There are 2 protein chains.
Amino acid sequence: MSKAKPIDILIASLEQIEPLDQQDRDLLAGLDLRFRRFSANNEIVRSRTSPGESCFIVAGFAARAQYLADGGRQLDQIHVIGDFVDLHSLHLRQMDHSVIAIGPCDVAFIRHDELVSTMAHSPRLTWLLWQLTVLDGAVARTWMTCLGRRRAEAALAHLICELLTRLRRLGAAPSNRFHIPATQTDLADMLGVSTVHVNRSLAELRARRLLTWSRHEVHVLDFERLALIADFDNSYLEPGNPMPKYFQQFVTS
Amino acid sequence: MSKAKPIDILIASLEQIEPLDQQDRDLLAGLDLRFRRFSANNEIVRSRTSPGESCFIVAGFAARAQYLADGGRQLDQIHVIGDFVDLHSLHLRQMDHSVIAIGPCDVAFIRHDELVSTMAHSPRLTWLLWQLTVLDGAVARTWMTCLGRRRAEAALAHLICELLTRLRRLGAAPSNRFHIPATQTDLADMLGVSTVHVNRSLAELRARRLLTWSRHEVHVLDFERLALIADFDNSYLEPGNPMPKYFQQFVTS
DNA sequence: CGCTGGGTTGATGGCGATCAATCAATGTGG
DNA sequence: CCACATTGATTGATCGCCATCAACCCAGCG
C-alpha cells in the first residue's frame, strides 16, 4: 500500500467492486497516464467541451458542477480519491457539466482510445467501468431526494454520512475524522441553499454534538444519530452485480 | 411504423442514438419478452429488490421514485415510451429506487441472462446500452440543478420543455400538444414542492399564456419563452458518441 | 344523486434568501 | 514587525417563496 503508484489507486477502486485477475491489472498498469494538479475551483473538465480523455482522482476532492444563466452553480456530486470522475466523456458528445477541483486536486488522464482498446481486451473491465457509471447514477438519485425533499440540515447530515462512509472504506477517515477542503460556499452550492443557511445548519449539527467541523477538519462524533436525522441508508454505496459469465464470451463479428 | 411490434419500439429508441445493423436488429427481435400492464401508481419495479429482468416502456409513462422515512417520495425522473427504464437492475445488486406507473403503462420485461448473452454477441449493443445509462445520468444531473437552484415555476417549465422535446422527437407531440396522465401530486413529488404550489406555478405559466394544461392534455403555446424562463438547453438530451472502432474487436480470453 | 379524486383558492406561518456587519485567519508589502 | 487587504465564518434583521391547513369546486361514476 505504501508508495502506491497512481494506477494502483484506480485498481484498488475497481477491486472494491470485484477482484481483477492479473491480466486486467497488467492492462491497466500499461495505460499511459497524464498527470496534472489543479487548485481550488479550477476546472478539471470544462462543460460543453468534448474531451479526448477521461480522468480519475489521484489525490484530493473534485465535484461536478452545472452553471446557470444567472451565474449561479449547482454542485451535483462530490468525488474522492480513486473516483473515475470523467468516464462520462467517453459517451457524451459534449459535456453537460464541468468537473472542478475542491481544494488542491491531483488528477490522472487516460486517452479514450487507450481506454477503449483496454476494454476491448477485457470484458471484465468493460463491465466494471459500465458499472461505475451506473453506481454513479444511484448516488445522483439519492442526492436528488435530498435536494427535493429534505431540509438543509438533514441534507447536510446526509452528505457528511456519505463522505464518511466512502472515506472510511478507503481508510481515509481514522476514528471518524477526515480532512476536506470544501468551503461553506461549496456546501451551499451542493445543497442548493445560501452560505448563510449552510452556516446555520452546520451550527445546529454542532450544537447537537453530532460533529465538529473546523479548519476543513471534520470529526463525526455520533454517526448513528447523524445517520438518523439524515435518513441515511448506505446501501446505494454498495458494489453492484459481478460480471455474468456469459458476458465473457464475446464473439468477433 | 404502423403496427409496430413492441421490440421495434426499443429498436427505434436505440437507433435514435446510432443505426443498428441487421444482425443487431435480429438479435433484439429474437429476445423473449414478457408483457404486463400497470395502472397509475403501481410499482413496475420495487425498491430494494433484485430483479432478474430489466424492462422498457411500450406505452404510457413511468417514473423513478425514492421513498422517505416519513412516507413522502421524490420522483427523480419521468420516462416515456421506448425508455429502457430498468437497465440499472442489471448492475445494481439491490434497487435503490422504485419504478412506478404514471397512469396506465405497458411494460416489456427481458431476462438479464438473455440481455447479457445478446450483448456478448454484439459489442455495438453493449456500447449502446451502456450509453443509455450514461445519458440517463445527464438527465438526472440536469434535474438536480432544477431542484437545487430553480424556483418551482422555472423547474416546472423546464420539465415541460424536456417532455415536449422528447415526445416531439418520437412524433408524439403534434403541434406542441401531448397527453400525459400525471396528476399535480405527481408533479409536486417531482419538483419537491407541495401540490398547492404546483397548482399556483402552473396557474402562473397559464396566465403568461405559455401553455394550457387541462384534463391531462398539455398544449405548449410558446416554447421559446417557456424555454427562456426555464433556462432550458436541450443539448443534454442529444445522443452520445458512436461506438469507437476498437471496441468492436473483442478478444476471447 | 352522493361519493370520490383531483383541481383551485384563501389565510397564515416558517424555512431559507438576501443584505449587511463583524470577526478570525492568513497573506502581502513596506 | 506592523498597516492593510483578502478570504471565509459567523451573526442579526428583514423579506419572500413555499408549506400547511382548510374550504370549495368540479367531473366522473357507481
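Keep in mind that what you see is a predicted model, and the values were worked out from it rather than measured. Letters A, B, ... mirror the listed sequences (proteins, then strands); counts begin at 1.
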Looking at [Y] and [X], is any side-chain nitrogen of the basic one under 4.0 Å from a carboxylate oxygen of the acidic one?
| X | Y | answer |
| --- | --- | --- |
| A:Arg93 | B:Glu238 | no |
| B:Arg141 | A:Asp96 | yes |
| B:Arg64 | B:Asp86 | no |
| A:Asp231 | A:Arg150 | yes |
| A:Glu153 | A:Arg208 | yes |

- request: Name all residues meeting the ring-ring contact (aromatic ring centres under 6.0 Å, His included) criterion together with B:His79; count only those two or more places apart in sequence or in a different chain, and write none if there are none.
  value: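 With sequence neighbours excluded, B:His79 shows a ring-ring contact (aromatic ring centres under 6.0 Å, His included) to no residue whatsoever.
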
Nearest whole angstrom, please: distance from the [atom2] of [N] to the [atom1] of [X].
| X | N | atom1 | atom2 | value |
| --- | --- | --- | --- | --- |
| B:Leu187 | D:dA19 | CG | P | 13 Å |
| A:Ile102 | D:dG8 | CD1 | P | 12 Å |
| A:Asp186 | D:dG8 | CG | P | 9 Å |

- request: Ignoring hydrogens and angles, tell me if any N or O in the side chain of A:Thr183 forms a donor-acceptor pair with the backbone of A:Thr185 under 3.5 Å.
  value: yes

field: Donor-acceptor contact below 3.5 Å, side chain A:Asp189 vs main chain A:Asp186
entry: no

message: Any residue in residues 67-81 of chain A with a heavy atom nearer than 4.0 angstrom to DNA chain C? Just list them by number, or reply none.
response: none

- request: Carefully, step by step, assess A:Phe178 and A:His219 under the rule side-chain contact (heavy atoms from CB on, under 4.5 Å).
  value: CA-CA 7 Å; A:Phe178 62 93; A:His219 184 193; over 6 Å; no

statement: Exactly one candidate in A:His97, A:Gln74, A:Gln66 meets side chain to side chain donor-acceptor pair (under 3.5 Å) with B:Thr145; the answer is A:Gln66

Could you go through nucleotides 25-30 of chain D and list every protein N or O atom that sits under 3.5 Å from one of its N or O atoms, giving the distance for each pair?
none

query: Would the number of heavy atoms belonging to other residues, nucleotides or ligands and lying under 6.0 Å from CZ of B:Arg37 be above 12?
result: no

query: Got more than 12 heavy atoms from elsewhere within 6.0 Å of CZ, A:Arg46?
result: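 Counting other residues, nucleotides and ligands, CZ of A:Arg46 stays at 12 neighbours or fewer.
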
message: Using a heavy-atom cut-off of 4.0 Å across all strands, would you classify B:Thr183 as base, sugar-phosphate, or nothing?
response: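 Sugar-phosphate, no base atom in range.
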
message: For A:Tyr67, does the six-membered ring have the charged nitrogen or CZ of A:Arg73 within the cation-pi criterion, i.e. under 6.0 angstrom from the centroid and within 45° of the normal?
response: no

Mind listing the N/O atom pairs, protein and nucleotides 10-17 of chain D, below 3.5 Å?
{"residue": "D:dT10", "atom": "OP1", "partner": "A:Arg206", "partner atom": "NH2", "Å": "3.2"}
{"residue": "D:dT10", "atom": "OP2", "partner": "A:Gln184", "partner atom": "NE2", "Å": "2.7"}
{"residue": "D:dT10", "atom": "OP2", "partner": "A:Asn199", "partner atom": "ND2", "Å": "3.0"}
{"residue": "D:dT10", "atom": "OP2", "partner": "A:Arg206", "partner atom": "NH2", "Å": "3.1"}
{"residue": "D:dT10", "atom": "O5'", "partner": "A:Asn199", "partner atom": "ND2", "Å": "3.3"}
{"residue": "D:dG12", "atom": "N7", "partner": "A:Arg200", "partner atom": "NH2", "Å": "2.6"}

task: Using a 4.5 Å cut-off on heavy atoms from C-beta on, say whether the side chain of A:Val85 contacts that of A:Ile44.
output: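 A side-chain contact is absent here, since even the closest heavy-atom pair is not under 4.5 Å.
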
- request: Just report the end-to-end axis angle for the helix from C:dC1-D:dG30 to C:dG30-D:dC1, five pairs per end, to 10 degrees.
  value: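 For the helix from C:dC1-D:dG30 to C:dG30-D:dC1, the axes at either end differ by 30°.
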
field: Positional range of nucleotides in DNA chain C within the contact set of chain A, heavy-atom, under 4.0 Å
entry: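 Under 4.0 Å from chain A, the extent on DNA chain C is C:dC15 to C:dT26.
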
task: Name the orientation class of the two ring planes belonging to B:Trp143 and B:His158 (parallel below 30°, tilted from 30 to 60°, perpendicular beyond 60°).
output: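 Judged by the thresholds at 30° and 60°, the geometry between B:Trp143 and B:His158 is tilted.
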
